[in-house]
Amino acid sequence: MDPHPRLDGRTLLVLSSHPLRSRLLGQLRLAGPATATGLARELGTNTGATSYHLRRLAEVGLVTETGEGRGRERWWRATHEMHSWFPSDLAGEADGEAALSLLRDEHRRRFSELADQWLAHEHSWPAEWRDAAGAGDWFLTLSAGQVRALQDELAEVLERHRGLEPEPGARRVFAYLHLLPEVDPE
């Protein structure tokens, strides 16, 4: 099984059909296996909706039951640590393109939420963390092939760091990568 699958249009459509689905998948990836009740409490929703959306995610292989639990208690886990997609896989599929747009909006919203949380609390963190965390921007002139190569290189670096043994004082860090061409406003 591919640990980092490339999602097809149907899977993207299921994932993007409700904002709770992306949040559920993210929570399972971050915190590990959980029940619908635990996820509902963590995400501020109700157990029935959570259970329904977990079953929809399971239908396309994004989550699976762990087999643990007793009685009606069902534990769920994310099937993969991460996934990807390419817009060209969905070219000409109206539903797939709409799903991609919805999912990108959800990711952008989640990034903004995490950035706002950090900015609201960074003053309470030690100086070493305030100096280490942050963002930067670089302006490059590259071809599409060079951008793809850059993205692949950066992904390799990030994967290498994901595999490091945590040191004392280590914290989870969110890394978001956006390589966007400049668009002529006209």
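This structure is a prediction, so every number in the text was calculated from the model and none was measured.
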From [X] [atom1] over to [Y] [atom2], what is the distance, rounded to the nearest 0.5 angstrom?
X    : Y    : atom1 : atom2 : result
E42  : L28  : CD    : CG    : 11.0 Å
Q117 : E122 : CD    : CD    : 13.0 Å
H18  : L24  : NE2   : CG    : 9.5 Å
S22  : D105 : OG    : CG    : 11.5 Å
R77  : E65  : CZ    : CD    : 11.0 Å

All heavy atoms of H121 vs all of S124, minimum pair found to be O-OG, 2.7 Å
What one should report as the nearest heavy-atom pair of H80 and G61 is CE1-O, 3.7 Å
For the hydrophobic clusters of this structure (ILVMFWY residues joined by side-chain heavy atoms under 4.5 Å, transitively), does one cluster hold both [X] and [Y]?
X    : Y    : value
L119 : V173 : yes
L54  : W75  : no
L154 : V147 : yes
L13  : L20  : no
Y52  : L57  : no

Counting C-beta onward and ignoring hydrogens, is there a side-chain heavy-atom pair between [X] and [Y] closer than 4.5 Å?
X    : Y    : result
T66  : W76  : no
R29  : E81  : no
V14  : L12  : no
L39  : Q27  : yes
L15  : H83  : yes
P87  : R104 : yes
E106 : R23  : yes
L7   : S84  : no

Side chain of [X], backbone of [Y]: donor and acceptor closer than 3.5 Å?
X    : Y    : value
T50  : N46  : yes
S112 : R108 : yes
R130 : W125 : yes
S16  : L102 : no

Are more than 12 heavy atoms from other residues, nucleotides or ligands located less than 6.0 Å from atom [atom1] of [X]?
X    : atom1 : answer
H178 : NE2   : yes
R162 : CZ    : yes
E113 : CD    : yes

**OP:** Please determine if R109 forms a cation-pi arrangement with F111, meaning its NZ or CZ atom is less than 6.0 Å from the six-membered ring centre and no more than 45° off the ring axis.
**Re:** no
**Prompt:** Do the ring centers of H107 and W85 come within less than 6.0 Å of each other?
**Reply:** yes
Stepwise, does the side chain to side chain contact (heavy atoms under 4.5 Å, CB included) test hold for L140 with L150?
CA-CA 11 Å; L140 312 168; L150 175 60; 3.8 Å; yes
Practice task
Would you sort out whether E68 and R74 count as a side chain to side chain contact (heavy atoms under 4.5 Å, CB included), showing the intermediate values?
Solution key: CA-CA 7 Å; E68 299 169 14; R74 297 164 72 178; over 6 Å; no
The side-chain hydrogen bond (donor to acceptor under 3.5 Å, both in side chains) partners of R160 (sequence neighbours excluded) come to none
Salt bridge (Lys or Arg N to Asp or Glu O under 4.0 Å) pairs touching residues 83-97, sequence neighbours excluded, are R6-D89
Residues at least two apart in sequence or cross-chain that pass ring pair (Phe, Tyr, Trp, His ring centres under 6.0 Å) with F174, listed by chain then number, are none
- Run the numbers on L179 and Q151 for side chain to side chain contact (heavy atoms under 4.5 Å, CB included), then give the verdict. CA-CA 8 Å; L179 300 174; Q151 195 167 52; 3.7 Å; yes
Problem set entry | Exercise: do T37 and R41 side chains pair donor with acceptor under 3.5 Å | no
Original post:
side chain to side chain contact (heavy atoms under 4.5 Å, CB included) between W129 and R171: does it pass, once the steps are laid out?
Top reply: CA-CA 10 Å; W129 274 102; R171 296 291 298 258; 3.6 Å; yes
